[in-house]
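First the structure, in the form of structure tokens, and then the observations on it.
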Amino acid sequence: MKQARRMVIAAALFAWAAFPSSFGVISTAGAAGPIIDVEKEGDRRIQIGIDLYKQLTGDLGVPPGDILAFDLELSGWFEPIRPGVMVPTGIADWARKGAEVVTEMSAAPGGFIGRVRDAGTGNVLLEKTYASSEGSMRRRMHRFSDDIVQTLTGEKGIATTQIVCEWNSGKGKRVVRMDVDGYGMKEITGEGALELSPRWSSDGSKILYTSFSSGYPDVYLQDLKAGNRKRIAHYQGLNAFGDLHPNGNLLVLTMSSSGDPEIYTKDLSSGKIHRLTHHKATDTSPVWSPDGSRIAFASDRTGGPQVYVMNADGSSPKQVTLRGDYNTAPEWSPDGTRIAYCALRPDGFQIQVVELASGGVTTVTEGGGCEDPCWSPDGRSILYSRSAGGRTDLYITDLSERKALRITRGSGKFTTPDWSPIP
Amino acid sequence: MKLDVVWWKSVGVLFTAGILVAGCGKSKPAPAPDISAPADTTTTTDNEAPPERTGEDVQYVDPNSQYASILRPIRFEFNKYRITEESKPTLEGIAKLLKQNATWKVLIEGHCDEQGTNEYNLTLGEQRAQATRRYLASLGVDDGRLQTVSYGEERPTNMGHDESAWAENRRCEFKVEAPRS
């Protein structure tokens, strides 16, 4: 395994040797192919040495190394090695601590230079200047992290993505968005009514959510760039849990104007409505499959709520959760092969994943109190809320090692998250 | 443990539920058919737009002390929206009061305990409010005087985290139209 990686590192070095002038932008390692063999080493984390880089703290409040280490751990590709009491004095020292690669940061005119070296050879694998004109220090650290992921794995990083969720400060729930590491939180409307179940449009430019602005639950669409919103479903009864089709304007949602919650689509261009379910039961929480051909939803038509999948026109509903009698809040994996959901197990509410082809079920979380899963845009991790010890926070668990990282730290309760696409 | 999908499929859904319950340590009875399930409402075609909500401007308030004991909350079982036997006398009293005061409009608020996902609970609260509305209508109250709203688990009446708090929070509350000034 190690040999396979070394070989690609060699390829990257060759690329660097051939085109050294390309530095200042990203290294050409990406063009030479990934450095870690994802197929063979997908479940192994690269040991990466990260110093604090205190000299670059500035008005950041925390050493930049802490942000970088959190980002790289969150990516699921890296195991950060921190300086500890005995700060490593050089690259050989880092190697002795187990680092395979080492990050370096140094001040540069108008920004900083981020670098990654092979801890064994000292060779530079990535070098790039991050100018302060490109955004806040925190933002640039996220970009450095994503560049490291891209260079060493060939895959896109997730450090510059964002999260929307409900935030209950004690004065009711508001929809907020924040960076994926939990920082930079802000309300999306500043409106003050009860707001629930936010969800990104597939291009990341809009957020759908349910608001009680009128006194009743209606579905709204918030345009993040324009900063305005539209009420797009306000029929008799409940209007909630909208999800926009990946290719456009077709909204799928839950409405109860017929007397019980059913699943409908609404074309936002023509305003046309189509009812998809006809069951004297609760049909709710619909979500489009990533290719837009199917819809997953929760229904109690056989007793307790279970997850079903049907075609986009409502035909051929099929139950996909077959164990337990409480399975809700379905979410498709980005490749459409799996569905994550919230299951009531003997040890409490847990996040589970069912593989659609085999029906095989995996429990992702431990300890109970876990609800409302969603997938990272790279499909490697699951984000969910967990209630424990009087707090309700958002956690991210990677599916290979199942290590739970808490991302919210502030006061209040954080629930029902949704993860943005990669910008 | 991998599930034998073919076998499970062949068993049939209700039987599956029974097996699962029997094999589960923390067992719950298999859910009975819900007698308060809505009538089939597919009188409209699938492409017909549902009616837009009316009466958003009506203000509802807690019933005053004279009527609070009649318009008192009714409770529900965990994850159920069936009207319980214990709730029926309360609803009969409410129906009688509403027939005596034929101009009153009432808001039925459906609520849930904190167990389970917020989204599912918002839908469950809607089912509770709608089941209550149907029951009152079956007792002769004009359906047009009854408005419903679900708050799911968002407005608990008891902030505790145990079964007695949850039992109190699984409820429908009744509000009456505020006197117009």
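Throughout, protein chains are lettered first and strands after them, A, B, ... in sequence-line order, and every chain is numbered starting at 1. All of these numbers come straight from a predicted model, not from anything done at the bench. Only this structure's heavy atoms are used, side chains among them; waters, hydrogens and symmetry mates stay out.
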Could you name the residues of residues 362-370 of chain A that have a heavy atom within less than 4.5 Å of a heavy atom in chain B?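 Checking residues 362-370 of chain A against chain B gives no residue, so none.
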Quick check: under 4.5 Å, non-hydrogen atoms only, which of residues 207-220 of chain A neighbour chain B?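 At a heavy-atom separation under 4.5 Å, chain B is reached by F212(A), S214(A), G215(A), Y216(A), P217(A), D218(A).
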Which atoms of N47(B) approach chain A - backbone, side chain, both or neither, heavy atom under 4.5 Å: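 For N47(B), the contact with chain A is made by backbone and side chain together.
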Proximal component of E56(B), with respect to chain A [non-hydrogen, under 4.5 Å]: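 Both the backbone and the side chain of E56(B) come within 4.5 Å of chain A.
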Given that the side chain runs from C-beta out, which part of L194(A) has a heavy atom under 4.5 Å from chain B: side chain, backbone, both or neither?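 Answer is side chain: those atoms of L194(A) sit under 4.5 Å from chain B.
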Under 4.5 Å from any heavy atom of chain B - which part of K173(A):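 The answer is the side chain of K173(A).
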What's the shortest heavy-atom distance between Y264(A) and P50(B), and which atoms?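 For Y264(A) and P50(B), the tightest heavy-atom pair comes out as CE2-CG, 4.4 Å.
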For chain A, which residues of residues 147-155 of chain B have at least one non-hydrogen atom nearer than 4.5 Å to it?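 Residues Q147(B), T148(B), V149(B), S150(B), Y151(B), E154(B) are the ones that qualify, each having a heavy atom under 4.5 Å from chain A.
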Which residues in residues 111-122 of chain B have a heavy atom less than 4.5 Å from any heavy atom of chain A?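 Residues of residues 111-122 of chain B touching chain A at under 4.5 Å: E114(B), Q115(B), G116(B), T117(B), N118(B), E119(B), Y120(B), N121(B), L122(B).
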Close side-chain approach of [X] to [Y], heavy-atom, < 4.5 Å:
| X | Y | result |
| --- | --- | --- |
| I273(A) | E48(B) | no |
| Q130(B) | S256(A) | yes |
| L124(B) | T282(A) | no |
| H234(A) | E52(B) | yes |

Would you find a donor on one side and an acceptor on the other, under 3.5 Å apart, between the side chain of R53(B) and the backbone of G237(A)?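 Yes, the answer is positive, given that a donor and an acceptor are paired below the 3.5 Å cut-off.
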Polar contact flag, side-chain donor to acceptor under 3.5 angstrom, H274(A)-D46(B):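 There is no such pair between these side chains.
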